[in-house]
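Below: the structure, in structure tokens.
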Amino acid sequence: MMLPYSILKRLPMWEHFCPACHTSLNVKYYPLCLNCGLHIEIPMDKLKAPPRLLKDAKRLSNYVHEKIFPSLSAAEREILARWFTEFFNNGFEEGDFSAWTSTVGTIEVESNNPHHGTYNARAYPNTGTGYAFCKKQDIQRTTLYIRVYAKLTTLPSSGKTLLGFLQARYASAVRFQAGIRNNSGTYEWALNYWVDNDNSAFAYVASTIMTGTWYCIEAAQFYDASTGWAKLWIDGDLKIDITGIDTSANYRPYNFYCGAQMAAIDQEYEVFLDCYIAADAYIGTEEAGPTLIEVADVLGLSDAATRPVRTFSVSDVAGLSDAALRDKTFSVAETLGFVDAVTRGKVFAIADAIGLSDAALLSVALKIIEDASALSDLAALPEKAAIVSDALDLTDEALRDKVFEVLDSIGLTDAADRELAFLGIILIALSLRRRGASISLLRRGVELEVKRMGVELEVVG
Amino acid sequence: MSFNKLYFNSVSLKSLSDRVEFEPRFICPKCRKYFEGKITADSPKHALTQHIMKPIRGDLNFNGKITFTMPCCGTKINLYGAIHGEDFCISVEPIEPDWWMNK
């Protein structure tokens, strides 16, 4: 059974079992088994197993009806009910009739004409027997919907009705069934239903019916003294709707049949059948499966590849300007310069020259720097040694703890804004005032060793 | 080990010149191997490899429990089979005596 995630997440993930009697434990009473009375000494997580209801459609249906549905709103129930009202669901995918109770006549499971999955049934009512069925015995149902997909190789001859693609019976008595009638050359869908308490009636609707075409046929009947009804849908469209009939006698159907049957059969017929479901609510057509679309254009990196597990053969060249969002290694054909934003922890072979003006964000050691670096360059990288070929003077703004060889002269008129100790020779003449005068140009705590004898300077800090 | 489900994918009645053969084509539930099972009127306990013929066509009127033994692994499949003339039925449950009248 295919379950939508919204339902699946409401189901229990584990079921706990008594180690002695193997019945399901009510965990509220753990460590006591209410069934056998055992005081369990095994930790509860050792007693768990996947819930059995996931393996049994009937248990699953019961669980959902009894446990989940009461907690849902009416609207939610209406949406979810279709998943859990199935009495029987079989598309012959076992490859045999092991899901059914019996077969009569020539009917087989084959893999030549599946509507869904791998297998389908082939009913072959021939002139010998006139019928071919597989039967599933269930319990009496007050409301019963049966849906099947059917495809014919031969349509009924004029005046003949081929019935029983789906059929509901009380014991061996037909309660409702669907088929095709040839009404003097006009093909009609036929619904045979139970009415007036114990009689059989037919209703027909003309339609274009072709061989080699799958039809979704669904019939249903509700059993009640005054509000009984019978309906027939073809490919999801309601074709026959009989209401207000008396179907009150306690002969409600409990046998579900799938096959084909013709009274006084005139020739051999071949009917392919698949996707058989019996339920207490409208079933409808099968949902369409995934559609394979062939994409003819080329996939580029600018395309959003959102699937996590697919590998694409990318034929265009990846440049670093492409947004590479995945942990993949691309063959990069263009040249990488540092002006490119390199945001990954990868090592690239760099062919162009790097200047300090390049924003170098990588923590990779660069060994060859070909252009000259000036202190005016913004050297943002730590622990790098650069050969500086231009002259440094104090007007340069040295932002780092580096030692520079200063070639030009310094005078007190130079603005020395740093707390550095300079050991130098003042070659220019100082226009000194007498002792007690201040040197206004020196604003910091700079010590000057003046080699000129007899002169003392008081430096105002 | 025995099973009682319809582990066959086809069942047919063959009318041959000297006999009628009722043949479920079994798929062993354990080995998934295919075997032709043949049932005739006087073979209620039947091994798949045996062929017991009933030459008088039309007189076949058999309804009973049949045990099939898979030759691959010895798995037994217990089913009920019925033949009446050209009508035939195979079931996991006993088949009612007048089953062919209600087909």
Side-chain angles (χ1 to χ4, degrees), chain A residues 90-112 114 118-138 163-164 167 169-175 177 254-255 257-265 268 270 273, chain B residues 2-16 20-37 39 57-58 60 63 65-66 68 70 75 77-103:
Chain A
N90 188 252
F92 307 98
E93 293 306 309
E94 296 83 3
D96 54 33
F97 289 104
S98 56
W100 298 78
T101 306
S102 65
T103 66
V104 288
T106 306
I107 187 167
E108 65 181 21
V109 175
E110 60 160 38
S111 56
N112 296 328
T118 306
Y119 296 98
N120 62 280
R122 171 183 171 270
Y124 186 66
N126 53 48
T127 51
T129 57
Y131 65 91
F133 285 114
C134 49
K135 179 185 89 172
K136 175 66 178 177
Q137 184 170 317
D138 195 62
L163 289 163
Q167 200 175 73
R169 296 191 187 194
Y170 171 83
S172 57
V174 174
R175 287 295 169 255
Q177 62 179 330
Y254 61 86
N255 284 332
Y257 281 66
C258 177
Q261 178 180 26
M262 180 180 281
I265 192 166
E268 294 175 343
E270 187 179 45
L273 301 147
Chain B
S2 64
F3 298 88
N4 69 337
K5 290 190 176 181
L6 306 182
Y7 289 111
F8 56 85
N9 63 2
S10 71
V11 57
S12 60
L13 197 67
K14 279 188 181 174
S15 299
L16 304 175
V20 174
E21 288 182 351
F22 177 48
E23 299 182 353
R25 187 164 182 257
F26 281 98
I27 306 169
C28 175
K30 284 184 69 179
C31 307
R32 303 304 294 172
K33 292 179 179 174
Y34 288 81
F35 297 102
E36 297 288 343
I39 308 169
R57 183 182 172 192
L60 277 175
N63 190 344
K65 187 175 182 180
I66 310 160
F68 298 91
M70 294 291 132
T75 296
I77 299 177
N78 299 309
L79 294 173
Y80 295 87
I83 308 171
H84 184 270
E86 293 185 343
D87 295 333
F88 54 97
C89 174
I90 190 162
S91 174
V92 300
E93 296 181 339
I95 301 168
E96 60 267 37
D98 57 348
W99 62 274
W100 70 90
M101 300 174 70
N102 301 311
K103 60 188 181 185

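Just so it is clear: chains get the letters A, B, ... in the order the sequence lines come, proteins before strands, and each one is counted from 1.
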Subject >> Closest heavy-atom pair and its distance - B:Asn9, A:Gly95 >> reply: CB-O, 3.1 Å
**OP:** Measure the spacing between CD of A:Glu110 and OG of B:Ser10 and express it to the nearest 0.5 Å.
**Re:** 10.5 Å
Subject >> From NZ (B:Lys5) to CG (A:Asp96), nearest 0.5 Å >> reply: 9.5 Å
Subject >> Donor-acceptor pair between B:Asp87 and A:Tyr131 side chains, under 3.5 angstrom >> reply: yes
Subject >> Option passing side-chain contact (heavy atoms from CB on, under 4.5 Å) with A:Ser98 (candidates B:Phe3, B:Phe8, B:Tyr7) >> reply: B:Tyr7
**OP:** Kindly indicate whether the side chain of A:Thr101, heavy atoms from C-beta on, has any atom under 4.5 Å from the side chain of B:Glu93.
**Re:** yes
Subject >> Pairwise distance CG(B:Leu6) to OG(A:Ser102) - rounded to 0.5 angstrom >> reply: 7.0 Å
**OP:** Return the option, out of B:Pro29, B:Ala82, B:Ser91, with the maximum number of heavy-atom pairs under 4.5 Å with chain A.
**Re:** B:Ser91
**OP:** Pick one of side chain, backbone, both or neither for A:Glu94, based on which atoms fall under 4.5 Å of a heavy atom in chain B.
**Re:** backbone
Original post:
Which residue out of A:Val109, A:Thr103, A:Ile107 racks up the most heavy-atom pairs below 4.5 Å with chain B?
Top reply: A:Thr103
Subject >> Side-chain heavy atoms of B:Phe88 within contact of A:Thr106, under 4.5 Å >> reply: yes
